[in-house]
There are 2 protein chains.
Amino acid sequence: MSARGEKGKPRLRAADRVYEDIRRCILTGKLCPGERLTEELLAERFGASRTPVRSAIVRLAGDGFVEMTPRSGTIVKRRSAGEIADIYDVRALLESAAAGLAARSRTDADLDELKRLQDEMEADFEAADIGETENVETLSLLNKAFHQRILDSSGNATLAESASRLMDIGFLINTYTSFSREEIARSVDEHRKLIDAIRSRDVYWAEAVMRAHILGARNSLASVVEAEKCRR
Amino acid sequence: MSARGEKGKPRLRAADRVYEDIRRCILTGKLCPGERLTEELLAERFGASRTPVRSAIVRLAGDGFVEMTPRSGTIVKRRSAGEIADIYDVRALLESAAAGLAARSRTDADLDELKRLQDEMEADFEAADIGETENVETLSLLNKAFHQRILDSSGNATLAESASRLMDIGFLINTYTSFSREEIARSVDEHRKLIDAIRSRDVYWAEAVMRAHILGARNSLASVVEAEKCRR
DNA sequence: TTGCCCAAAATTGTATCCAATGAGGTCTCG
DNA sequence: CGAGACCTCATTGGATACAATTTTGGGCAA
């Protein structure tokens, strides 16, 4: 048996590196929606040939991060405010179900991990200066890890993957910079309620809290997007 | 503006052809779960070089049809009975929501198209000899088109795409050969109920019927899978 | 016989080369 | 001065050559 995604240093493929790099650039806003991705440029930028870059682009297109039009080129996918709202609606549907399942079948380890992530988030939030991109990024990552852990605790891998995919698309990290400290505080508080519900195995409460959490985020984001419109 | 998936004969790419071909082979059972896909073999089989084949494989991996392990190879993804049940659970969640939305906001054109598909299905079902793979395939395709149309009528493209992805994975066409004439009749009947609900704009009825329809299919399929176990 | 090790063959991953096509600029004509 | 056609060029798509790694088969020893 060989290494399969473990940390056993299986010498990462260039295609994987490039995939991660481009993805990161999109998530952090270094590549903006509508911006064109030329294979040769990316190849040069990331120190690889066009072959792994192409592979990465195909994967990113499958993930919904970019849009390939057959013989024309690839751009970072634009998303309207409506589309983003739709994504959050589906997330609410999937993640509230997952929260309910997690409340039903969680283990102690699940709960401990959620608490750990929550503590870390709170610590970072207290210390953080919102507006510093660094902090925003770690906060965003912790938030994603928290949600992901609940998904994984649901015991339905398909549910987890479907929701995770949407989470990735919606989580443009730089978006977070536009959230007020107040909104983030509310989010952190809702996470605490979520942990309560899951600890006490209250299925319907967990579902309700998660739904409210995500739909609340949707509305905050909607106003942010509306305010920013499309810059650059 | 250029052609993008329209019928304008934009000279399909080899990568797309190969993608469709492999996908079809998996769906129809010509490629079995666990079977290894070697690039050179596929290239020879479909009359292309390894480049478009690789591209197709990467896409298929993103879709969840195959599993690539980094320097080892690619196999058609195996799915346990539990995983298939999970997929159907998520489908029930997403598609019942979609059916509700469709009931709320359907147009007359949506309804006509659903009726048309339903008529075609019924005609095919009456005439068909279940067991003939040809008929099973067209029936399966019509079924998929029916569900897809409801998803599209929901007005939430993300919801439609998420559910569609799962539908594709679950719809191994050859699976249908194992369904009894009785079970298919039930399915057709449920479709009619669904049309009724959507026509009368009864949101909750549409949701309930869709949920029952999909969970019923899940249970039928579960017993089939259990019976077959893994052959070959 | 069983287990291990090494070598060769098969297969994946990457780079580069060539062909084809769409995009953009320019020139001409109205 | 503007619009349209044509031409050039940048970029994508595909093929092939090469490198690296994994698998597999055989041989050897316990």
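Letters go in sequence order (proteins before strands), and every chain restarts at 1.
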Between C/dC17 (C1') and A/Arg54 (CZ): distance, integer Å:
14 Å
Rounded to whole angstrom units, what separation is found between the CD atom of A/Glu39 and the C1' atom of C/dA15?
14 Å
Ion pair check, A/Arg165 and A/Asp168, cut-off under 4.0 Å
no
Test: A/Glu39 and A/Arg54 ion pair at under 4.0 Å:
yes
Carboxylate-amine/guanidinium proximity below 4.0 Å for B/Glu35 and B/Lys30:
no
Once you round it to whole Å, what is the distance between P of D/dA17 and CD of B/Glu40?
12 Å
Using atom CG of A/Leu41 as one end and atom C1' of D/dT12 as the other, report the distance to the nearest whole Å.
14 Å
C/dA19 P sits how many Å from A/Arg71 CZ, rounded?
16 Å
Starting at CD1 of B/Ile75 and ending at C1' of C/dT12, how long is that distance when rounded to a whole Å?
16 Å
Please check the phosphate of D/dG13 (OP1 and OP2 only) for any side-chain N or O of B/Arg13 closer than 4.0 Å.
yes
For atom CZ of B/Arg50 and atom P of D/dG14, their distance in whole Å:
15 Å
Verify whether one side chain among A/Gln148 and A/Ser164 offers a donor that lies under 3.5 Å from an acceptor in the other.
yes
Considering only heavy side-chain atoms of B/Thr38, the closest of D/dT12, C/dT11, D/dG14 is C/dT11
B/Thr51 vs B/Leu37, nearer the 5' end of DNA chain C by closest nucleotide:
B/Leu37
Expressed in angstrom and rounded to an integer, what is the separation of A/Ile57 atom CD1 from D/dG13 atom C1'?
13 Å
Of the nucleotides D/dT12, C/dT21, C/dT14, which has the atom closest to the A/Pro52 side chain?
C/dT14
From the options C/dT12, C/dG22, D/dG13, select the nucleotide whose nearest atom is closest to the side chain of A/Ser72.
C/dG22
Side chain of A/Arg36 (C-beta onward), nearest among D/dA15, D/dT12, D/dT22
D/dT12
Look at B/Arg24 together with B/Glu137 and state whether they make a salt bridge at an N to O cut-off of under 4.0 Å.
yes
